[in-house]
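The block underneath contains the structure these notes are about, expressed in C-alpha cells.
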2 protein chains.
Amino acid sequence: MNKRATTMADNRARLISAARKAFAEKGYAAASMDELTAAAGLTRGALYHNFGDKRGLLAAVVDQIDSDMAQRAQQIAAAETDSWQGLLAEGAAYIRMALEPEVQRIVLLDGPAVLGDPSQWPSQSSCLQATRQKLELLITQGVLKPVDTEAAARLLSGAALNAALWIAASASPEAVTAKAVEAFRMLASGLLAPSAIK
Amino acid sequence: MNKRATTMADNRARLISAARKAFAEKGYAAASMDELTAAAGLTRGALYHNFGDKRGLLAAVVDQIDSDMAQRAQQIAAAETDSWQGLLAEGAAYIRMALEPEVQRIVLLDGPAVLGDPSQWPSQSSCLQATRQKLELLITQGVLKPVDTEAAARLLSGAALNAALWIAASASPEAVTAKAVEAFRMLASGLLAPSAIK
DNA sequence: AAGCAAAACATACGCTGCGTATGTCAAATT
DNA sequence: AATTTGACATACGCAGCGTATGTTTTGCTT
C-alpha cells in the first residue's frame, strides 16, 4: 500500500483528534492553530495543506462527531422494539450526548455559528436524517399524524439541543435532565395520531 | 440635565446601533471594531471605555434586541383573547422574528457561542421568561398538564429557533414557515391536558 | 537503477485586528 | 477661575491567520 497515503491519512486523523480537544476546551475562536498542530506533532503547513483553512478543519471535526453521534443513536434506537419508544429513546439519547463538551461546544454552538445551517453541512446532520426516517416510518404505521417530517425532525432536534444547553449550564444536571426528557416526551406526544393515544 | 451624561448615552446608542448592523451583516467574528466605531463617528477608545471589550458590546446589543423581541411578542400575544391561542401566536411570532438577520445571526447564533447559555444573560432572555409565565398561567387554568414550565419553555423556544434556521436557509421561506408553524402547534398540543383537547 | 516530477509538509513573511497604555480636551466641582 | 475628573482619541505591542516560498521524501518513468 502507498506509504504516502497512509501517513497522510494518519496525519489527518491526528490533526482532527487534536482539534476535537482544542475546540472542545477553548472554543473555535480561542483555539490557536499553532498550539493545535504542535500538539499533533506537526505545523500549520500540514493543516492548510489538508484542510484549506481553519474553517475546513472545523468542518472535518464536525463531520466526524456528527457521524459518531448518529451511529450511537442508531444503536440506542435499535434496542427498542417499539418504533415510538425508539423515537423517544433517540431523543433522550441526543439530549444526553449533547452534554458532552465536544458535542455541545463544537457541533451545537460553534458549528452553526461558523459553518452555517447544519442541514447544509456535507454530513447533512446525520442525526436529523435519522430522526426524519423514523418519523416517516411511524407515519406509515399510523402512529403519528401526517406531519411534515422535516419540520417535525427539525423542531424536535432543536428542542433537544436547547434542553442540552440548559442542562449543561445547570447546577444539578441529573435533576434537570429528568425534567427535560419528560418535557420532550410530552411535546413529542403532540405528534401522536388520536387513535394511538393510550 | 448633565451634558456629559446625555452625550455619553447618545454615543452608547450610536455604537450599539452600528454594532447591530455590523454584527448582523458580517457576524461577530468578522466585524471590525475600527470600521464599526468609525461608522458611528467615533474610535475604539469610546468602545472600550463604554463596553470594556468586544464581548461587552455584543452583550449590550443582544440585551437590546432581546428586549425588543419580548416587547413585540407581548403585543402579539395580547391580541389573542384565549391564553392558549396566545401561546401559539407567540411561538409563531418568535419563529417569524427569528428570520430577521439581526435576531438570527446575533441572538441565536453568535450570542450563545460567544456569551454562553442565554438563560444566564443579564436580560435572562426575556423571551424565555415571557413564555414561561404564559405556561404557568395555562397550567393554573387547567389547560395544560402540570409540566415543568422552565423545561417546556426551553424546548419550545429551541424548537422555534431551529425552525427559524431552517426557514432562513430554505429557498421558499413562505411555504416552509407554514410547515414549521404547523409542526410547532402540533408539538405544543402535546402539553394540553386531556380535558382541554377539543 | 537512476533521475525526475510531484506532493506533503515545514519555514518565513505580511497583514489584520484586538486590547492596553498614554495623551488630550471638555465639563463639572469648588 | 482653578482644579480635578472623566469621556474619548491616539499610539503601541502582540497574537494569530493565511500565503508564499523552501525542502525532503515518495512514486513513477525509462
Side-chain angles (χ1 to χ4, degrees), chain A residues 1-62 105-106 110-111 113-116, chain B residues 1-62 105-106 110-111 113-116:
Chain A
M1 184 181 183
N2 255 357
K3 189 178 180 185
R4 291 280 279 250
T6 55
T7 57
M8 192 174 178
D10 185 55
N11 283 344
R12 280 180 60 95
R14 279 161 59 197
L15 285 173
I16 291 178
S17 175
R20 280 178 74 146
K21 281 182 200 162
F23 288 160
E25 289 171 3
K26 315 206 169 195
Y28 174 78
S32 164
M33 307 300 270
D34 279 324
E35 291 181 15
L36 217 170
T37 51
L42 297 165
T43 68
R44 284 216 323 274
L47 220 173
Y48 286 92
H49 187 72
N50 279 290
F51 302 100
D53 61 349
K54 195 178 182 181
R55 278 188 60 182
L57 179 60
L58 177 64
V61 168
V62 162
R105 177 83 244 187
I106 300 176
D110 288 331
V114 176
L115 304 175
Chain B
M1 184 179 181
N2 256 355
K3 189 178 180 187
R4 290 281 279 249
T6 56
T7 58
M8 193 174 178
D10 185 55
N11 283 344
R12 282 179 59 95
R14 279 162 57 199
L15 285 173
I16 290 178
S17 174
R20 282 179 70 147
K21 281 182 200 161
F23 289 159
E25 288 171 5
K26 316 206 168 194
Y28 174 78
S32 165
M33 307 299 271
D34 279 323
E35 291 181 15
L36 218 171
T37 52
L42 297 165
T43 68
R44 287 216 321 275
L47 221 174
Y48 287 91
H49 187 74
N50 279 292
F51 301 101
D53 60 352
K54 195 178 182 181
R55 280 189 57 180
L57 179 60
L58 177 63
V61 169
V62 162
R105 178 84 244 188
I106 301 176
D110 289 332
V114 177
L115 304 175

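Throughout, a chain's letter reflects where its sequence line sits, starting with A, and its residues are numbered from 1.
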Inset, instruction - Assign A:A29 to base, sugar-phosphate, or nothing according to its heavy-atom contacts below 4.0 angstrom with the strands shown. - result: nothing
Legend entry - Whole angstrom value for the distance that separates P of C:dT20 from NZ of B:K54: 14 Å
Legend entry - Closest heavy-atom pair and its distance - A:M8, A:N50: CE-OD1, 3.2 Å
Legend entry - Between D:dG18 (P) and A:R55 (CZ): distance, integer Å: 10 Å
Legend entry - Between C1' of D:dT25 and CG of A:D10, the distance in whole Å: 16 Å
Legend entry - For the student: nearest non-hydrogen atoms of B:R44 and B:D34, plus distance: NH1-OD1, 3.0 Å
Inset, instruction - Rounded off to whole Å, could you give me the CZ-to-P distance for the B:F51 and C:dT20 pair? - result: 16 Å
Inset, instruction - Quickly work out the A:L58 CG to D:dC17 C1' distance and round it to whole Å. - result: 15 Å
Legend entry - Smallest separation among heavy atoms of B:A59 and B:L115, with atom names: CA-CD1, 3.9 Å
Inset, instruction - Could you check how far CG of A:D34 sits from C1' of C:dA10, rounded to whole Å? - result: 12 Å
Inset, instruction - Starting from C1' on D:dG18, measure out to CG on A:D53 and report it in whole angstrom. - result: 9 Å
Inset, instruction - Only one of A:N11, A:L57, A:L15 passes side chain to side chain contact (heavy atoms under 4.5 Å, CB included) with A:T37; say which it is. - result: A:L15
Inset, instruction - Treat primed atoms plus P, OP1 and OP2 as sugar-phosphate and everything else as base, then score nucleotides 4-11 of chain D 5' to 3': B for base contact with protein heavy atoms under 4.0 Å, S for sugar-phosphate contact only, - for none. - result: --BBBBBB
Inset, instruction - Looking at every strand, decide which applies to B:A30 at a 4.0 Å heavy-atom threshold: base, sugar-phosphate, or nothing. - result: nothing
Legend entry - Sub-4.5 Å side-chain heavy-atom contact between B:K54 and B:L58: no
Inset, instruction - Return the minimal non-hydrogen interatomic distance between B:L36 and B:A22, and the atom names on each side. - result: CG-CB, 4.0 Å
